[in-house]
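Here's the structure we're looking at; comments come further down.
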Protein chains: 2
Amino acid sequence: MKSSKKIKREEFIRICKLHGLKITPQRMAIYEEVTGSSGHPSAEIIYRKIKRKYPGISFDTVNRTLLTFSDIGLLQIVEGYGEPKRFDANTQDHHHFRCLRCGSIIDVYHKRYDELEIPAEIETHHKVIRKRVVLEGICKQCRER
Amino acid sequence: MKSSKKIKREEFIRICKLHGLKITPQRMAIYEEVTGSSGHPSAEIIYRKIKRKYPGISFDTVNRTLLTFSDIGLLQIVEGYGEPKRFDANTQDHHHFRCLRCGSIIDVYHKRYDELEIPAEIETHHKVIRKRVVLEGICKQCRER
DNA sequence: CTACTAATTAAGAGTAACTCTTATTTGTTG
DNA sequence: CAACAAATAAGAGTTACTCTTAATTAGTAG
């Protein structure tokens, strides 16, 4: 276990250098916390956990660092985007493409997506009300800039 | 066009009565605005549009009404949930089940989901970086209450 | 048609979750 | 180890709700 932690640390340093980021103790701590924690924590939850070990750290640093990590692909932002709620009165079966830069949502109509089955291990435990495929990336307009 | 609007209005009244909701002019206006607008507006955007016709309406009423509509299935909340950002350091290919009541996210591993193709009309215009299936419903714990 | 009552609304205060600004500190490079 | 650009802490500011309260109103019982 000790050596796998060391390997993880070296990997982290490699990726940071690759992107020209400095290796700070704060970043190290946040990286270790977030890769070590299962679940899908918010910035606030990660901040509270890290604060036990590093009482001096600020929320802003945790949040900013998480966003940096998401920029360089060390983690992803999922399901909650910290953005206002978006409403959709389109009752037709459809899916979405979402631009990671400007946040615009484009409807996707694709029959194969409508026909997706629900995995048995989900269906037996939880009640599934709806299913949707979410594609994420950079939209045409943002690419042209 | 005039008659389809009238039919829509009657349908709206029917659904409201079905759920024991009073027919108020505010609700009517919000319903007409949200079903008439394409895109995936936030509460703020709908509020601004309605305010042109009904200058006296409050943001709170618009927001509350939209949430009510989502409760009774007239519309859905998508992509932005008005919740804190959620981070995921799991780099394996996986998907999510999200509880509409408590907000918990459960990982879903399902090979068929990993193999979904991207529709051509999306791929030609936009850059797709990732794709995910999002199942939504009520989780086991919330059902048991 | 009137009175009643519970639902609904407007207004404004309060809160959560960022997000930005500024002064200070710290990795990194030469 | 000196210089400097990057990163941090602290705290103010902003956005998007969310709640409280008093006033109003839709539905209905008479």
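Residue numbers begin at 1 in each chain, while the letters A, B, ... track the order of the sequences.
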statement: The residue, A:Asp60 or A:Arg48, whose nearest nucleotide of DNA chain C is more 5′ is A:Arg48
statement: From CZ of A:Phe59 across to C1' of D:dT14 the rounded distance in Å is 14 Å
message: Looking at C:dT9, I'd like to know if its phosphate oxygens (OP1 or OP2) sit under 4.0 Å from a side-chain N or O belonging to B:Thr24.
response: yes
query: B:Thr61 side chain to B:Ile57 main-chain N or O, any donor-acceptor pair under 3.5 Å?
result: no
query: For B:Met28 and D:dT25, what is the distance between atoms CE and C1' respectively, to the nearest whole Å?
result: 17 Å
- prompt: OP1, OP2 of C:dC18 versus side-chain N and O of B:Lys85: anything below 4.0 Å?
  reply: yes
statement: 5'-most contact on DNA chain C (nearest-nucleotide basis), B:Thr61 vs B:Pro84, goes to B:Thr61
message: Side-chain N or O of A:Arg64 versus OP1/OP2 of D:dT8: is the shortest distance under 4.0 Å?
response: yes
query: For the pair made of NZ in B:Lys51 and P in C:dA10, what is the distance, rounded to whole Å?
result: 10 Å
- line: Heavy-atom nearest nucleotide on DNA chain D taken for B:Ile23 and for A:Thr65; more 5' hit belongs to A:Thr65
- prompt: Can you check the A:Ile57 CD1 to C:dT24 P distance for me, whole Å?
  reply: 21 Å
query: From D:dT18, C:dA10, D:dT8, pick the nucleotide closest to the side chain of B:Ser58?
result: C:dA10
message: Under 4.0 Å, heavy atoms only, any strand: does A:Pro25 hit a base, just the sugar-phosphate, or nothing?
response: sugar-phosphate
field: Within 45° cone of A:Tyr81 ring axis and under 6.0 Å: A:Arg98 NZ or CZ
entry: yes
field: Shortest side-chain distance from B:Leu21, nucleotide among D:dA9, C:dT8, C:dA10
entry: C:dT8
message: Taking only side-chain N and O atoms of B:Gln26, does any of them lie within less than 4.0 angstrom of OP1 or OP2 on C:dA10?
response: yes
field: Length of the NZ-P vector between A:Lys17 and D:dA7, whole Å
entry: 13 Å
- prompt: Can you check the A:Phe87 CZ to D:dA16 C1' distance for me, whole Å?
  reply: 11 Å
query: In whole angstroms, how far is the C1' atom of D:dT18 from the CD atom of B:Glu44?
result: 14 Å
task: Counting heavy atoms from C-beta on, name the nucleotide in C:dG27, D:dA26, C:dT19 closest to the side chain of B:Lys22.
output: D:dA26
- request: Just call it for A:Glu83: base, sugar-phosphate, or nothing, with non-hydrogen atoms closer than 4.0 Å on any strand.
  value: nothing
query: Once you round it to whole Å, what is the distance between C1' of C:dT9 and CD1 of B:Ile50?
result: 14 Å
query: Does atom CD of B:Glu11 have more than 12 heavy-atom neighbours from other groups under 6.0 Å away?
result: yes
message: Please determine whether a side-chain nitrogen of the Lys or Arg among A:Glu79 and B:Arg86 lies less than 4.0 Å from a carboxylate oxygen of the Asp or Glu.
response: no
task: Quick one: label B:Arg27 by what it contacts on the DNA or RNA (base, sugar-phosphate, nothing), any heavy atom closer than 4.0 Å.
output: sugar-phosphate
field: Salt-bridge contact B:Arg132-A:Glu136 (side-chain N to carboxylate O under 4.0 Å)
entry: no
B:Glu121 atom CD: more than 12 heavy-atom contacts under 6.0 Å: yes
